[in-house]
Enquirer: 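Got a structure for you, written out below as structure tokens; questions coming shortly.
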Amino acid sequence: MFLKIKKEIESFSPWFKIFIVLMLVVYGVLWIYTINLSQDQKVRGFDPILPAAPKDSIEYVLLSQSLIRGEGLSSNGRIETLRVPGYPLFVGILKVIGQSYFFVTLIQILLVFLTALILRRIGIIFSGNRVGEISATLLLINPVTMTLSLLILTDVLFIFLFTLGFYLAITINDEKSFQKVFIVSLIFICAVYVRGMGLFALPI
């Protein structure tokens with residue numbers, strides 16, 4: 001596995017290697033900034049406190065807390081019927097492991113970079129190395145991507161699963177087709193359970 005990662009990194013263009021390192025620093029600084037900002041919010045009595053934000057983000061935090069307490073998928077004592085359980089479960093597990101919701105956003109930042117690398121591979125398949133790296137660059141410099149990675153919201157996990165599933169689907173070969181189809185199916189199922197809109201996105 002480490003040899004594959006090394007080989008992948010070696011295939012980067014020189015400018016893209018520098019760009020990836022630079023963006024890792026930028027995302028890292030923004031992550032630390034949100035931690036410091038949340039401390040300031042606590043002192044000033046703001047609600048909600050980062051990485052939660054109005055309105056959906058707060059609801060996902062409440063749902064994850066409900067799962068951690070063993071109360072099922074509920075919010076303020078009421079069973080949740082509009083949101084799927086995938087993302088609250090993801091958040092709840094990471095919260096238990098890292099003891100902080102900022103651990104969740106740290107993992108989301110890593111998922112953003114993994115998504116960018118998968119997007120690069122897709123670009124290479126359809127056009128070439130340059131197109132793949134430009135696509136990855138556009139994803140990483142997008143302010144919306146940066147913002148979503150720093151908040152408790154479904155978008156980052158959903159787009160990672162969706163992009164990964166699409167990449168694996170277009171690289172299916174005859175030798176291991178059943179195994180890959182099964183894995184792709186599981187990934188897309190997970191994507192739908194993270195965000196219900198996947199039911200509409202998949203046919204498109």
Side-chain angles (χ1 to χ4, degrees), residues 1-12 16 20 56 59-60 63-64 66-68 70 72-74 79-98 103-129 131-136 138-140 142 145 148-149 151-204:
M1 181 178 178
F2 290 107
L3 289 175
K4 286 184 178 180
I5 294 172
K6 183 181 178 183
K7 188 177 179 181
E8 181 74 14
I9 293 172
E10 288 173 350
S11 70
F12 292 174
F16 190 66
I20 287 292
D56 290 349
E59 293 183 11
Y60 285 119
L63 290 173
S64 70
S66 175
L67 289 174
I68 291 170
L73 196 69
S74 61
I79 299 297
E80 178 61 49
T81 57
L82 296 177
R83 300 186 188 279
V84 286
Y87 187 68
L89 181 61
F90 169 81
V91 172
I93 290 171
L94 292 181
K95 171 65 166 61
V96 170
I97 294 171
F103 183 68
V104 179
T105 55
L106 178 62
I107 297 301
Q108 288 185 167
I109 289 172
L110 295 179
L111 291 180
V112 166
F113 279 85
L114 286 175
T115 303
L117 297 183
I118 296 168
L119 193 59
R120 174 181 176 270
R121 297 300 306 170
I122 293 172
I124 290 172
I125 290 170
F126 283 106
S127 184
N129 192 59
V131 170
E133 292 182 351
I134 290 173
S135 300
L138 292 174
L139 175 70
L140 290 173
N142 191 330
T145 305
L148 292 175
S149 69
L151 297 174
I152 303 297
L153 288 168
T154 61
D155 303 76
V156 169
L157 180 60
F158 175 78
I159 199 66
F160 167 73
L161 291 171
F162 195 83
T163 307
L164 177 61
F166 180 75
Y167 172 69
L168 293 176
I170 63 175
T171 56
I172 289 176
N173 53 44
D174 293 333
E175 295 177 3
K176 296 181 179 180
S177 59
F178 176 78
Q179 182 181 348
K180 272 202 169 183
V181 167
F182 181 72
I183 292 171
V184 168
S185 300
L186 287 179
I187 291 171
F188 281 138
I189 288 169
C190 290
V192 171
Y193 273 97
V194 166
R195 195 164 186 177
M197 68 168 284
L199 286 170
F200 305 101
L202 282 171
I204 296 171

Enquirer: Decide yes or no on side chain to side chain contact (heavy atoms under 4.5 Å, CB included) for Ile124 and Glu133, but give the supporting numbers first.
Expert: CA-CA 8 Å; Ile124 290 172; Glu133 292 182 351; over 6 Å; no
Enquirer: For the pair Leu63 and Val91, evaluate side chain to side chain contact (heavy atoms under 4.5 Å, CB included) and give the outcome as yes or no after the intermediate values.
Expert: CA-CA 9 Å; Leu63 290 173; Val91 172; over 6 Å; no
Enquirer: Do you know the tightest heavy-atom contact between Gln108 and Leu153?
Expert: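 In terms of heavy atoms, the two residues are closest at OE1-O, 3.5 Å.
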Enquirer: Working to the nearest 0.5 angstrom, can you tell me the gap between Ile172 CD1 and Ser177 OG?
Expert: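 One gets 7.5 Å once the value is rounded to the nearest 0.5 Å.
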Enquirer: Mind checking whether Leu67 and Leu73 have side chains closer than 4.5 Å, heavy atoms only?
Expert: yes
Enquirer: Looking at every heavy atom in both Ala136 and Arg120, which two are closest together, and how far apart are they?
Expert: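 For Ala136 versus Arg120, the nearest heavy atoms are CB-CB, 4.3 Å.
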Enquirer: Just verifying a value: how many Å separate Leu111 CG and Phe90 CZ, rounded to the nearest 0.5 Å?
Expert: 5.5 Å
Enquirer: Please report the shortest heavy-atom distance between Val84 and Gly196, naming the atom on each side.
Expert: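 Answer, listing the atom of Val84 first, then Gly196: CG2-N, 3.9 Å.
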Enquirer: Do Leu110 and Ile107 have side chains that get closer than 4.5 Å, going by heavy atoms?
Expert: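 Yes, at least one pair of side-chain atoms sits under 4.5 Å.
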Enquirer: Over 60° means perpendicular and under 30° means parallel, so tell me whether Phe12 and Phe16 are parallel, tilted or perpendicular.
Expert: perpendicular
Enquirer: Closer than 3.5 angstrom, by distance alone: can the side chain of Ser127 be matched with the main-chain N or O of Gly123 as a donor-acceptor pair?
Expert: no
Enquirer: Measuring from atom OG1 of Thr115 to atom CG of Leu119, what distance do you get when rounded to the nearest 0.5 angstrom?
Expert: 8.5 Å
Enquirer: Is Phe113 atom CZ crowded by more than 12 heavy atoms from other residues, nucleotides or ligands, each under 6.0 Å away?
Expert: yes
Enquirer: Who passes side chain to side chain donor-acceptor pair (under 3.5 Å) against Ser185, sequence neighbours left out?
Expert: none
Enquirer: Out of Thr171, Val184, Ile122, which one pairs with Phe166 under the side chain to side chain contact (heavy atoms under 4.5 Å, CB included) rule?
Expert: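 That would be Ile122; it is the only one of Thr171, Val184, Ile122 passing the side chain to side chain contact (heavy atoms under 4.5 Å, CB included) with Phe166.
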Enquirer: Keeping the roles fixed (side chain from Ser66, backbone from Gly72), state whether a donor-acceptor pair exists under 3.5 Å.
Expert: yes
Enquirer: Nearest 0.5 Å please: distance from the CG atom of Asn129 over to the CZ atom of Arg121.
Expert: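 Atom-to-atom, Asn129:CG and Arg121:CZ are 8.5 Å apart.
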Enquirer: Between Asn142 and Leu138, is any pair of side-chain heavy atoms under 4.5 Å apart?
Expert: no
Enquirer: Could you check if a side-chain atom of Leu140 sits within less than 4.5 angstrom of a side-chain atom of Ile20, using non-hydrogen atoms only?
Expert: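 Sidechains of Ile20 and Leu140: in contact.
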Enquirer: Heavy-atom distance under 4.5 Å between the side chains of Asp155 and Arg195, does that happen here?
Expert: yes
Enquirer: Okay, side chain of Thr145, backbone of Leu139: is any donor-acceptor separation there less than 3.5 Å?
Expert: yes
Enquirer: Measure the OH-CG distance between Tyr193 and Leu161 for me, rounded to the nearest 0.5 Å.
Expert: 14.0 Å
Enquirer: How long is the gap from CD1 on Ile159 to OG1 on Thr154, to the nearest 0.5 Å?
Expert: 10.5 Å
Enquirer: Test side chain to side chain contact (heavy atoms under 4.5 Å, CB included) on Ile183 and Ile187 and set out the steps.
Expert: CA-CA 6 Å; Ile183 292 171; Ile187 291 171; 3.9 Å; yes
Enquirer: Can you find a pair of side-chain heavy atoms, one from Tyr87 and one from Leu157, that are under 4.5 Å apart?
Expert: yes
Enquirer: Please test Val104 against Ile152 for side chain to side chain contact (heavy atoms under 4.5 Å, CB included), starting from the C-alpha separation and ending with a verdict.
Expert: CA-CA 8 Å; Val104 179; Ile152 303 297; 3.9 Å; yes
Enquirer: Determine the minimum heavy-atom distance between Pro85 and Pro88, stating which atoms define it.
Expert: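 What the structure gives for the nearest pair is O-CD, 3.3 Å.
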